[in-house]
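Report on the structure given below.
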Protein chains: 2
Amino acid sequence: MVSVLIVDDQMLVRTGLAALIRATPALEVAGEAADGETAVAMAAAVRPDVVLMDVRMPGLDGITATERILSAGAGPPPKVAILTTYDLDEYVYTALRAGASGFLLKETPPQQLLAAVQVIAAGDMLFAPTVTRRLIEAYATRPGRAASPAALSTLTGRELQVLRLVARALSNADIAAQLSLSEATIKTHLHRLMSKLGLCSRAQAIVYAYESGLVVPASRDDGG
Amino acid sequence: MVSVLIVDDQMLVRTGLAALIRATPALEVAGEAADGETAVAMAAAVRPDVVLMDVRMPGLDGITATERILSAGAGPPPKVAILTTYDLDEYVYTALRAGASGFLLKETPPQQLLAAVQVIAAGDMLFAPTVTRRLIEAYATRPGRAASPAALSTLTGRELQVLRLVARALSNADIAAQLSLSEATIKTHLHRLMSKLGLCSRAQAIVYAYESGLVVPASRDDGG
DNA sequence: CGCCGGTTCCATCGAACGGTGGAGCGGGAA
DNA sequence: TTCCCGCTCCACCGTTCGATGGAACCGGCG
């Protein structure tokens, strides 16, 4: 049973959501809050699985409330799904930084909304199409660099593939599993690519991958 | 009723998916394909709502097949959900460009997988957490890098020093020589810092050093 | 046709690595 | 003073890594 905390300043919206959730066997209403302060307090008190969080609210807004809920140390924090009227670029960015697990539109058909809540409760992240498009654009237009010191171009496709995975700290066994090959094969490719690049250890290979721009650091926050 | 075309080169995977789908009232199996070519042909013939597409296949791979299916002009194209064994950085980018609506892992629990298919059929996009994290990182990594995730500040001076040298691909013996210590001491420091950071290998430590901004690839120095 | 490069796999071996459980030392805080 | 923390070092042991020397398959090319 997934318990849901409903946060919205409009009574009608809360009522509607509550009715939908109560009509769904797998979901239950953990509580309702009409503003951010109450939401933070209730999240700590009732410990819901998912918080459906409106953005625009009097007093403490939904984003700030999300931050506070997720940084409240006691036990595993709930998943927070941001609920907005339309899509809003300005909120997406901060909401994601705040740690939101989803970004849903109030226009979303009920059935879909309920499915979304369950998906989010399960640990996945879910975003409305418009939001996702923005994410993808940001991903696609990422400052990529042509990664080609001459030596890199001497590598075969497989070798390059292995190098990328090595640079993500995978073990030979992991890489073998990922590529559906035997570990022996990975060793061969790794040995050959290290020879070509004049490297003596896996550690050097990882450093090489970063320094050559083959892989690019992307900032990470410790999310747990 | 959402019709699903199953594309995977492994018979067992197809069978498993088909069984799952047949057991779900809201879903039906539109067909099965074992390679990309067949998938493209069948997508055009049976016009499914959703295509569950494996990436690695003999002949035409899943990504290319996705492109072809989505660019086949006749009528509204189906949604394509990429199905992979683990998460794969290299595929995400091209899959998204190809127009995939989802990126799911074969490890995903059945119920969740079926929910995902329906979410995708409804027009939303859905990604496994690891994939989403990547997207968010790309989106959120604009105002410059956070040079020290909280975990880094828990390291002692020596540990930090060792981590920097590890991130330069030095062996334990090298680091010991550099710091005029015994190799045993380096092992201790390394062990402790890996514990603190939740890392399991030297390779992960190197990646962490780059991703956290502790060390920065040469030739890219932005003042942020 | 044979050759070559890319890919896949095997067996073996020593070295490096990582985990564990210690130990002693020194400085600062309680 | 005692206690804790950071630093230094040791021994042991299993796993992973990297090196080596093979072998086989396939596709393209001369």
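These numbers come from the heavy atoms of this one structure, side chains and all, not from hydrogens, waters or symmetry mates. Naming convention: chains lettered A, B, ... in sequence-line order (proteins, then strands); numbering from 1 in each chain. The structure displayed is predicted, hence computed values, not measured ones.
- The nucleotide whose nearest atom lies closest to any side-chain atom of B:S182 is, among D:dG18, C:dC17, D:dC10, D:dC10.
- The CG-C1' distance, from A:L155 to C:dG6, rounds to 13 Å in whole Å.
- In this structure, A:I175 atom CD1 and D:dT16 atom P are separated by 13 Å, rounded to whole Å.
- Residue B:N172 places no side-chain N or O under 4.0 Å from the OP1 or OP2 atom of C:dA16.
- When only modelled atom types and interatomic distance are considered, A:S182 and A:T185 share a side-chain donor-acceptor pair under 3.5 Å.
- Rounded to whole angstrom, the span from the CE atom of A:M194 across to the C1' atom of D:dT20 amounts to 13 Å.
- Between A:D174 atom CG and D:dT15 atom P there is a gap of 16 Å when expressed in whole angstrom units.
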| task | Check the pair B:R22, B:E28 against salt bridge (Lys or Arg N to Asp or Glu O under 4.0 Å), reporting the backbone distance first and the verdict last. | result | CA-CA 6 Å; B:R22 290 209 178 86; B:E28 66 181 357; over 6 Å; no

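- At a threshold of 4.0 angstrom between heavy atoms, the contacts of B:T188 include nucleobase atoms, whether or not backbone atoms are also involved.
- If you measure from atom CG of A:L193 to atom P of C:dT7, you get 11 Å, rounded to the nearest angstrom.
- You'll find that the side chain of A:H189 is closest to C:dT7, out of C:dG19, C:dT7, D:dC17.
- The side chain of A:E183 sits closest to D:dC17 out of D:dC9, D:dC17, C:dT8.
- The A:K187 side chain lies nearest to D:dG18 when the options are D:dC9, D:dG18, C:dG19.
- Remark: P of C:dG6 and CD of A:E159 are 7 Å apart, rounded to the nearest angstrom.
- When the side-chain nitrogen and oxygen atoms of A:H191 are compared with OP1 and OP2 of D:dA19, one or more of them lie within a distance under 4.0 Å.
- For B:R192, the side-chain atoms get nearest to D:dG6 when compared with the rest of C:dC10, D:dG6, C:dG18.
- Taking atom NZ of residue A:K196 and atom C1' of nucleotide D:dG18, one finds them 17 Å apart after rounding to whole Å.
- For B:L181, whose side chain is taken as the heavy atoms from C-beta onward, the closest listed nucleotide among C:dC17, C:dG19, D:dT8 is D:dT8.
- Within 4.0 Å (heavy atoms only), B:T185 reaches at least one base atom of the nucleic acid.
- If you measure from atom CZ of B:R158 to atom C1' of D:dC7, you get 8 Å, rounded to the nearest angstrom.
- Residues B:R158 and B:Q161 have side chains that bring a donor and an acceptor to within less than 3.5 angstrom of each other.
- The side chain of B:T156 has D:dG6 as its nearest neighbour among C:dT8, C:dC10, D:dG6.
- Closest to the side chain of B:R202, from the set C:dT7, D:dC9, C:dG18, is C:dG18.
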| task | Apply side-chain contact (heavy atoms from CB on, under 4.5 Å) to the pair B:T156 and B:K196, showing each step before the final yes or no. | result | CA-CA 10 Å; B:T156 68; B:K196 287 183 181 178; 3.8 Å; yes

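- Distance NE2/A:H189 to CG/A:L179: 8.0 Å, rounded to 0.5 Å.
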